[in-house]
Amino acid sequence: NSHKKLGPQINYTITGIDAGAGIMASTQKALSEYPLAQNKWQLQTSSTAAMTSTLGKAIKYKQPIVVTGWQPHWMFKKFPIKFLKDPKNVYGKSEQIHTIAREGLKKDNPGAYQLLKQFHWTPAQMSDVMLQTNDGVDPKKAADDFINKNPKLVAEWTKGVPKGNGKPIKLTYVAWDSEIASTNVMAELLNKMGYKATIQALEMQPMFASIATNAADASLAAWLPNTAGLYMKQYKGKIDDVTTNLNGAKVGLAVPKYMKNINSIDDLIN
Ligand SMILES: C[SH](C)CC(=O)O
């Protein structure tokens, strides 16, 4: 019944994730700019796990659904979904995931800093680890498997990095599948190099605050320029933007491919 308007079929609801995620702020912006909110559309807060299970159920019964989506993520591998065009460019063309550190880490722990600086990988490599953890493999083990399977990559990452001699380093992250993957790989690399790495999952705002207040040393979870742009501005001068650890990420709204006539955010309103 594609001729019936989409809105009433799904209660004018976009299925989102945790409230603090940058994608939720961007979607709130889309609600007002498209204008979706003025057309009864609303954004439902839940969690990545709840959103992906609701998505899976909708697809199982070929029901319509609109979700906040992003790459890299296993949802695009597991489900036949597509990004909606974003003619007003609310979500930005593409995102880079940055590694950030507290000011002073480079001086206090140059060896670990060098490893953080030299670490970058592709969406495909990150997805390798994400698929493992999504299949229930312990993130630490999935990280170890990836490291053991990619000696050339590891050699690049650790080139010239001195042994850690037990020097501690604390990484914080937000428990999105992508950051569970990158943070565990980094922690395993640091431990293999003799550092004492600990990792802590936080909501997005406290994660940025932990770096800006020197409560933690580094994080691989800064989605920029859009998604986490506000936090980098808020803490300008207190956060060292070390490097881009992944290029080619993307954030937006996504729908199952069987929703043939919904291809742009504009189509949600017509
Ligand atoms: C959900 S994406 C991994 C990043 C973000 O939305 O802040």
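For ligands, and for the atoms within them, numbers begin at 1 and follow the listed sequence. Worth saying up front: this structure is predicted, and the values here are computed from it rather than measured. One-based numbering along the sequence shown. Hydrogens, waters and symmetry mates are skipped; everything else that's a heavy atom, side chains included, is used.
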Asker: Does the plane of the ring in W121 sit parallel, tilted or perpendicular to the ring in W157? Use 30° and 60° as the thresholds.
Answerer: perpendicular
Asker: Might you list the protein residues in contact with ligand 1, defined as having a heavy atom under 4.0 Å from one of its atoms, sorted by chain and number?
Answerer: I17, A21, G22, I23, W70, W176, M204, W223, T227
Asker: Measure across N263 and K82 and return the closest heavy-atom pair with its distance rounded to 0.1 Å.
Answerer: OD1-NZ, 2.7 Å
Asker: Check D144, D138, D145 against K141 for a salt bridge (charged side-chain N to carboxylate O under 4.0 Å, His left out) and give me the one that passes.
Answerer: D145
Asker: Is the F208 ring parallel, tilted or perpendicular to the Y231 ring (thresholds 30°, 60°)?
Answerer: parallel
Asker: Is the centre of the F83 ring less than 6.0 Å from the centre of the F76 ring?
Answerer: yes
Asker: Over all heavy atoms of both residues, which pair between A30 and Y91 is shortest? Give the atoms and the distance, please.
Answerer: CB-OH, 3.9 Å
